[in-house]
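Here the structure comes first, spelled out in structure tokens, and everything after it is commentary.
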Amino acid sequence: MFPGQLPRVVSAPMKITYFGHSCFLVEAGGKRLLFDPFVSGNPLAAQINVNSIHFDYILLTHAHSDHIADVEAVMRQNPEALIVGIWEIHAHYSAKGFSTHPMNKGGWWPFDFGRVKMVNAVHSSSFSDGSYGGDPAGYVVDTADGAFYMAGDTALTLDMKLIPMICPALKLAILPIGSNFTMDYRDAVLASAFIECDRIVGCHYDTFGFIKIDHAKARAAFAEKGKELILMSIGETRTF
Ligand code: NI
Ligand code: MN
């Protein structure tokens, strides 16, 4: 190393596997992060064995069953893993004996894979028994392999404009595009402008009748603005 040279940051491509609906496994910062496990109840993901998913962390966006249905099953297969969620989700799983890390919206928290900021989502959040699930949330995850935004279930909101002001440039963002319960793909095009990210991975579409979309039209809406919409196949892994 010559004087003035910065130490080289070892960075690898980010690896993302799609398990349907809003469930993704992201391998970044040397760890495996699972988002919103809802697999066994998803007829489109019938070929996925939820018990074969290995991970180090689960990050939960909110308490609706189409985001948490498989949490307890997968945690039993990965007993060393840590559940990350807003205070009420932490309290729910902590009371059941699982290891949790409580967060709320605000500043960064450093984990061993990178740092995490919980950000706003415009939606609702309750457990299937009707009990309060706290506020719905999204995450910005910043690792040595790059930063990404997982929006969770959300409508389009001006709060997304804060993300490029307070977070590093995003390598990609996972945005809901299915409409009815969340943004539709047209709103998601605007969201991608708000967050200043041209590479979007779609989620929360096709699973139920309410959220079936036309893939070609959705891709075209992004392409028109010079952006890429990636619709992964269930079970597919891509590197970014
Ligand atoms: Ni929801
Ligand atoms: Mn949902």
Side-chain angles (χ1 to χ4, degrees), residues 14 16 22-26 28-37 55-64 67-68 71 75 81-96 98-127 131-176 181-183 187-188 190-197 200-201 203-204:
M14 215 180 263
I16 300 188
S22 290
C23 184
F24 292 86
L25 183 73
V26 180
K31 297 288 171 182
R32 298 161 299 183
L33 318 179
L34 183 67
F35 288 88
D36 288 4
F55 56 87
D56 304 295
Y57 293 86
I58 301 187
L59 288 83
L60 299 172
T61 63
H62 65 297
H64 287 157
H67 297 259
I68 65 160
V71 168
M75 280 300 286
L82 191 68
I83 298 171
V84 179
I86 206 157
W87 178 264
E88 289 78 5
I89 289 180
H90 134 79
H92 176 88
Y93 288 110
S94 178
K96 290 175 179 252
F98 295 104
S99 302
T100 59
H101 175 92
M103 286 192 83
N104 216 312
K105 293 163 194 177
W108 298 97
W109 181 260
F111 291 91
D112 59 359
F113 56 84
R115 54 182 188 153
V116 174
K117 182 189 281 287
M118 184 177 267
V119 297
N120 209 21
V122 175
H123 192 66
S124 61
S125 179
S126 52
F127 291 95
S131 63
Y132 179 52
D135 230 26
Y139 293 97
V140 177
V141 179
D142 178 28
T143 76
D145 304 326
F148 66 96
Y149 168 45
M150 167 58 159
D153 280 7
T154 185
L156 180 65
T157 167
L158 282 169
D159 286 350
M160 291 168 178
K161 285 193 171 186
L162 290 171
I163 288 175
M165 298 169 73
I166 56 178
C167 299
L170 302 171
K171 203 176 209 182
L172 63 101
I174 301 173
L175 301 182
F181 297 116
T182 68
M183 293 190 281
D187 286 356
L190 210 46
S192 69
F194 287 178
I195 61 174
E196 298 177 8
C197 181
I200 303 301
V201 176
C203 72
H204 216 274

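Sequence positions, counted from 1, serve as the residue numbers for this chain.
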**Report entry** Side-chain heavy-atom pair Leu172, Met14 within 4.5 angstrom cut-off
**Finding:** yes

Query - Sub-6.0 Å ring centroid separation between Phe111 and His101 - result: yes

Query - Spatial distance of atom CZ (Phe181) from atom NE2 (His123) [nearest 0.5 Å] - result: 8.5 Å

**Report entry** Non-hydrogen atoms of Ala188 and Pro176 that approach each other most closely
**Finding:** CB-O, 4.0 Å

Report task. Decide yes or no for Met75 and Pro37: does some side-chain heavy atom of the first lie under 4.5 Å from some side-chain heavy atom of the second? Result -> no

Query raised in the report: Can you name the closest pair of heavy atoms from Met160 and Ala191 and give their distance?
Result: SD-CB, 3.6 Å

Query - Minimum heavy-atom distance between Ala121 and Lys105, given as atom pair plus value - result: N-NZ, 4.1 Å

Requested in this report: Nearest 0.5 Å please: distance from the CG atom of Leu190 over to the CD1 atom of Ile195.
Outcome: 11.0 Å

Query - Gap between atom CZ of Arg115 and atom SG of Cys167 - 0.5 Å precision - result: 7.5 Å

Query raised in the report: Should the heavy atoms of other residues, nucleotides or ligands under 6.0 Å from CH2 of Trp108 be counted, would the total exceed 12?
Result: yes

Query - Test side chain to side chain contact (heavy atoms under 4.5 Å, CB included) applied to Asn120 and Ile163, Asp135, Thr154, the passing residue - result: Asp135

Query - Check: Asp153 side chain, Pro136 main-chain N or O, donor-acceptor pair, under 3.5 Å - result: no

Query - Min side-chain heavy-atom separation Tyr149-Leu175 under 4.5 Å - result: yes

Query - Rounded distance [0.5 Å steps], CD1 in Ile58 versus OG in Ser99 - result: 11.0 Å

Requested in this report: Just do the side chain to side chain contact (heavy atoms under 4.5 Å, CB included) check on Met150 and Leu59 with the steps written out, would you?
Outcome: CA-CA 10 Å; Met150 167 58 159; Leu59 288 83; over 6 Å; no

Query raised in the report: When you look at NZ of Lys161, are more than 12 heavy atoms from neighbouring residues, nucleotides or ligands closer to it than 6.0 Å?
Result: no

Report summary line: Looking only at heavy atoms, the pair that brings Pro102 and Trp87 closest together is CB-CE3, 3.6 Å

Query raised in the report: Taking it one step at a time, do Ser125 and His62 satisfy side-chain hydrogen bond (donor to acceptor under 3.5 Å, both in side chains)?
Result: CA-CA 6 Å; Ser125 179; His62 65 297; 5.7 Å; no

Requested in this report: Could you tell me whether the side chain of Ile89 reaches within less than 4.5 Å of the side chain of Thr100, counting heavy atoms only?
Outcome: no

Requested in this report: Measure from the side-chain N and O atoms of Lys171 to the backbone N and O of Asp145, and report whether any donor-acceptor pair falls under 3.5 Å.
Outcome: yes

Query raised in the report: Shortest non-hydrogen contact from Leu33 to Phe148?
Result: CD1-CZ, 4.4 Å

Query raised in the report: Any donor and acceptor pair, going by atom type alone, linking the side chain of Lys117 with main-chain N or O of Trp109 inside 3.5 Å?
Result: no

Query raised in the report: Among Val141, Ile16, Leu60, which residue meets the side chain to side chain contact (heavy atoms under 4.5 Å, CB included) test with Phe35?
Result: Val141

Query raised in the report: Looking only at heavy atoms, what is the nearest atom pair of Val119 and Tyr139, with distance?
Result: CG2-N, 4.0 Å

Report task. Nearest 0.5 Å please: distance from the CD1 atom of Ile68 over to the CZ atom of Phe127. Result -> 5.0 Å

Requested in this report: Indicate yes or no: at least one non-hydrogen side-chain atom of Thr61 is less than 4.5 angstrom from one of Ser22.
Outcome: no

Report task. Determine whether His90 and Phe98 make a side-chain contact, defined as any pair of heavy atoms from C-beta on separated by less than 4.5 Å. Result -> no

**Report entry** side chain to side chain contact (heavy atoms under 4.5 Å, CB included) between Val201 and Phe24, intermediate numbers included
**Finding:** CA-CA 10 Å; Val201 176; Phe24 292 86; 3.7 Å; yes

Query raised in the report: Rounded to the nearest 0.5 Å, what separation is found between the OG atom of Ser192 and the CE atom of Met183?
Result: 9.0 Å

